[in-house]
Amino acid sequence: MSSIADNVGTVTRRIQKATLDAGRAPGSVRLLAVSKTRPAEDVRTAYAAGQTAFGENYLQEALEKIDTLGDLPGLEWHFIGPIQSNKTRQIANAFKWVHSVDRLKIARRLSEQRENTAEPLNICLQVNINEEDSKAGCLISELPGLAEDVLGLPNVCLRGLMAIPDPDQPAPELKASFERLAAALEDLRQSHPDYRGLDTLSMGMSADLEVAVAAGATWVRIGTAIFGMRH
Ligand SMILES: *Cc1c(COP(=O)(O)O)cnc(C)c1O
């Protein structure tokens with residue numbers, strides 16, 4: 001087996017164990033393999049090992065891989081990087097999910113530009129959970145208004161929240177950050193009791209997936225633990 005195939009197995013077992021340890025339902029946490037900066041061949045290798053969902057941060061790089069790998073049935077592409085408003089048309093139509101929507105303008109454009117014949121684009125609102133100056137994402141205090149507006153858009157389906165916590169904070173603060181995101185999702189659910197789509201917490205990366213799963217992650221986004229260190 002290639003090391004990528006080994007790593008898919010290892011990460012899958014880490015997720016299974018974390019899910020069990022948290023007393024959560026088997027299969028309730030999905031693995032998003034983050035293939036940014038990696039060649040299409042690495043994605044093909046992970047796919048051969050059973051991995052179908054891949055996350056990309058850079059549009060141009062992603063479009064090339066999506067094109068190269070068009071022969072693989074059931075591949076599912078997720079956009080997880082910063083979004084410039086002049087790139088929304090391509091993002092709206094090349095991906096099944098976008099995890100990194102952080103303002104209404106972007107959500108509106110994705111909805112307007114998603115082809116009407118396609119099923120709605122799954123989106124998460126990205127939250128700047130540690131209120132870092134350098135990081136994208138809305139504040140928790142902005143979520144109620146933003147979610148309300150996004151729920152009115154026809155061609156996007158609001159699925160939940162995403163965050164990239166400050167990796168340098170001590171373990172208890174990191175855990176608290178994931179828990180704050182989970183609590184924010186629960187608040188949104190309670191404000192929209194008739195809307196059943198809010199089922200997603202995109203949080204947890206290679207170094208902290210166990211902590212994120214314990215706090216309720218449903219997608220963990222894993223790069224280096226599958227593909228190795230980025231160069
Ligand atoms: C790169 C990246 C990841 C993966 O991080 P690793 O530490 O390599 O697992 C996850 N989420 C986002 C948004 C990223 O940009």
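Atoms within each ligand, like the ligands themselves, are counted from 1 in listed order. Note that this is a predicted model, so its numbers are computed, not measured. Heads up: numbering here begins at 1 and tracks the sequence.
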Ligand 1 to Arg221, heavy atom cutoff 4.0 Å, flagged ligand atoms 4 (C), 9 (O), 10 (C), 11 (N), 12 (C), 13 (C)
In ligand 1, the atoms that come under 4.0 Å of a heavy atom of Gly223 are 4 (C), 6 (P), 8 (O), 9 (O)
Contact region, Lys36 to ligand 1, non-hydrogen atoms below 4.0 Å, reads side chain
| query | Where does Ile80 meet ligand 1, judged by heavy-atom distances below 4.0 Å: at the side chain, the backbone, both, or neither? | reply |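 Within the 4.0 Å criterion, Ile80 contacts ligand 1 through backbone and side-chain atoms alike.
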Within-cut-off N or O pair, Ile164 and ligand 1, under 3.5 Å: no
Closest to atom 8 (O) of ligand 1 (heavy atoms only, candidates Val11, Thr224, Asn57, Ile222) is Thr224
Would Arg230 count as a contact of ligand 1 if the rule is a heavy atom under 4.0 Å away?
yes
* Test salt bridge (charged side-chain N to carboxylate O under 4.0 Å, His left out) applied to Arg44 and Asp71, step by step -> CA-CA 10 Å; Arg44 206 176 274 284; Asp71 59 312; 3.0 Å; yes
With Phe95, which of Phe54, Phe79, Trp77 fulfils ring-ring contact (aromatic ring centres under 6.0 Å, His included)?
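With Phe95 as partner, Phe54, Phe79, Trp77 yield a single ring-ring contact (aromatic ring centres under 6.0 Å, His included), made by Phe79.
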Check your understanding: Who's the nearest protein heavy-atom neighbour of atom 9 (O) of ligand 1, and how far?
Key ->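 Residue, atom and distance for the closest contact: Ser206 OG, 2.5 Å.
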closest protein heavy atom to atom 10 (C) of ligand 1 is Met205 SD, 3.2 Å
Ignoring hydrogens and angles, tell me if any N or O in the side chain of [X] forms a donor-acceptor pair with the backbone of [Y] under 3.5 Å.
X	Y	value
Glu76	Ala53	no
Lys65	Arg38	yes
Ser111	Ala107	no

Interatomic distance, OG@Ser35 vs CD1@Ile226, rounded to 0.5 Å, equals 9.0 Å
Exercise. Under a 4.0 Å N-O cut-off, is there an ion pair linking Glu112 with Arg108?
Worked result: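 Salt bridge: no.
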